[in-house]
2 protein chains.
Amino acid sequence: MNTACETCPVKDSAACAVLTEEERDALAAAGRTRTLKRGEMLFAAGDENAACATLVSGALKVSAIDRDGNEQILALVHPSGFIGELFAPFAHHDVVALTESRLCTFARADINQAIDLYPSLARALLRRSQEDLLATRSLLELNATADAEARLAALIHDFAVAASHSSCHLASEFELPLTRGEIANMLGLTIETVSRKLGEIEEAGAILRKGKRGIELIDPALLQALSGRQAAQA
Amino acid sequence: MNTACETCPVKDSAACAVLTEEERDALAAAGRTRTLKRGEMLFAAGDENAACATLVSGALKVSAIDRDGNEQILALVHPSGFIGELFAPFAHHDVVALTESRLCTFARADINQAIDLYPSLARALLRRSQEDLLATRSLLELNATADAEARLAALIHDFAVAASHSSCHLASEFELPLTRGEIANMLGLTIETVSRKLGEIEEAGAILRKGKRGIELIDPALLQALSGRQAAQA
DNA sequence: CGACGTCTTGACCGTTGTCAAGTCATGTGG
DNA sequence: CCACATGACTTGACAACGGTCAAGACGTCG
């Protein structure tokens, strides 16, 4: 019991939740906790032996920078998410904190060893990896098929889901975790288009903007409709 | 030795390659081989207990169909690739053969059991899953940042790599495994744009079209340049 | 107060989607 | 054997969505 695992807010939902207490503490002994301020990088594309980590609190973005300097956000990481490329010789993407974030980091070698030691951990990471795959594919689908307004509506909807802690209904008021520029980078749009379409969605009566980042959800069903996705309820 | 594993063309590269011969044969006993003709479906989005499979030969596409009937191709699967969502209660996407394909299929329960039995298999599947994740993310990056011509050039380049069996240089003549419509669905474009941009790439002197599907690579460096990616050689 | 960063708004233009013919190869039935 | 239908692809004209460029509003911090 040499660790903070006992009080860890994601101890029941992170990958390590599948371990016994002893196993978990042993693993934790190999790792260390770390705090990142907004904008700080966990690792950059190209880093060798980039660390792996479980996100304890806060939020991260995974992004690629093409050679003209354009950023493309590929994924967001929420608490209890796992980050790290276990097998690639170097990191392919940047990982940066969106808000003040606490992480539980591990050297790649330690995680690899833990995978061999604890088969249930391998299984848990596999599950997480497949979930990440699904999330990335749904972003791909969104960006390829939907127009700007639908993409934005879908993203706002997702944030409303993420902001509400009860997983089944939406937060009625929350802050966008991304700047306009980041939203644009995520959806493959420009800042200006994001701004305009946000205005249109507001005008349509689905949301109300509260300052720069705040959103109040007025009409969830309308938002859903704008996003072009099937409503999930009767 | 009750199986065809001995002569399997992907026995050294598929996930099962990490198993010992006995383990592999035991797993193979639980699976069965299957052949799909072009257009045949392995499973559809929504299927419960969709099978898992290793692709032995041929090619598959993973695609999502939105409710207006538009298909979006999310990934291609090449021989030795693994398909299947191990943990989701139902399949999220369609999986369809692009060419006549041979597969080694397994019930999900059997794969799950095998993962527990053989930790090295879990590790191999985790590795594959992470590779799939990278591939999906690079498609996402491509579709979000590059214009139509660059996307198409990048795709052709990838096919040239895939068609050459020596992994380090390009096939100089090959057949596109996708129809124009499928290319369009994969890149988030329309059939017409694909056709036009193909013409422009040909006119630029990078390729030569041979019939409907054939491509002769004239100037690989130019193709690379058009794709907007860094050339990989001196 | 002024400078800066973030966001908004407007005018304009280009790439790409849409609609519509038209070509070409293949296969079918008279 | 030829006429015709079919499906995949190409090409053209046009329109629209979203990108680009430019100016301005707003809030925050020095």
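Within every chain, numbering begins at 1; the chains are lettered A, B, ... in the order of the sequence lines, protein sequences first and strands thereafter. Hydrogens, waters and symmetry mates play no part in the numbers below; they use all other heavy atoms, side chains included.
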* Structure fact -> Its contact letters, B for base, S for sugar-phosphate only and - for none at protein heavy atoms under 4.0 Å, make nucleotides 14-19 of chain C read --SSBB

* To do: Measure the distance from CZ on B/Arg209 to C1' on C/dC24 and round it to the nearest whole Å.
  => 13 Å

* Give a yes or no answer on whether the side chain of A/Thr136 reaches the backbone of A/Asp132 with a donor-acceptor pair at less than 3.5 Å. => yes

* Asked: Does any pair with a residue in residues 174-195 of chain B pass salt bridge (Lys or Arg N to Asp or Glu O under 4.0 Å), and if so which ones, sequence neighbours excluded?
  -> B/Arg38-B/Glu182, B/Lys61-B/Glu182

* Salt bridge flag under 4.0 Å for residues A/Glu216 and A/Lys210 -> yes

* Asked: Where does the chain B footprint on DNA chain D start and end, counting 5' to 3' with a 4.0 Å heavy-atom cut-off?
  -> D/dA8 to D/dA13

* **Backbone N/O of B/Ser80 and side chain of B/Thr54: donor-acceptor pair under 3.5 Å** => no

* To do: Under the side chain to side chain donor-acceptor pair (under 3.5 Å) rule, collect the residues that match up with A/Asn185, sequence neighbours excluded.
  => A/Glu71

* Asked: Looking only at atom types and distance, does a side-chain atom of B/Glu85 sit under 3.5 Å from a main-chain N or O of B/His92, one as donor and one as acceptor?
  -> yes

* Asked: Is it true that a side-chain atom of B/Arg151 and a backbone atom of B/Ala146 form a donor plus acceptor pair closer than 3.5 Å?
  -> yes

* Using side-chain contact (heavy atoms from CB on, under 4.5 Å) as the criterion, list what pairs up with B/Cys16, not counting sequence neighbours. => B/Ala14, B/Leu19, B/Arg24

* To do: Assign B/Thr179 to base, sugar-phosphate, or nothing according to its heavy-atom contacts below 4.0 angstrom with the strands shown.
  => sugar-phosphate

* Tell me: CG of A/Leu178 to C1' of C/dC7, nearest whole Å? -> 15 Å

* Asked: Roughly how many Å is it from CD1 in A/Ile191 to P in C/dG5, rounded to a whole number?
  -> 13 Å

* To do: Give a yes or no on whether the backbone of A/Thr35 and the side-chain of A/Arg102 come within a donor-acceptor separation of less than 3.5 Å.
  => no

* Structure fact -> Per the under-4.0 Å heavy-atom filter, residues of residues 211-218 of chain A near DNA chain C come out as A/Lys212, A/Arg213

* Would you say B/Asp66's side chain and B/Gly69's backbone share a donor-acceptor pair under 3.5 angstrom? -> yes

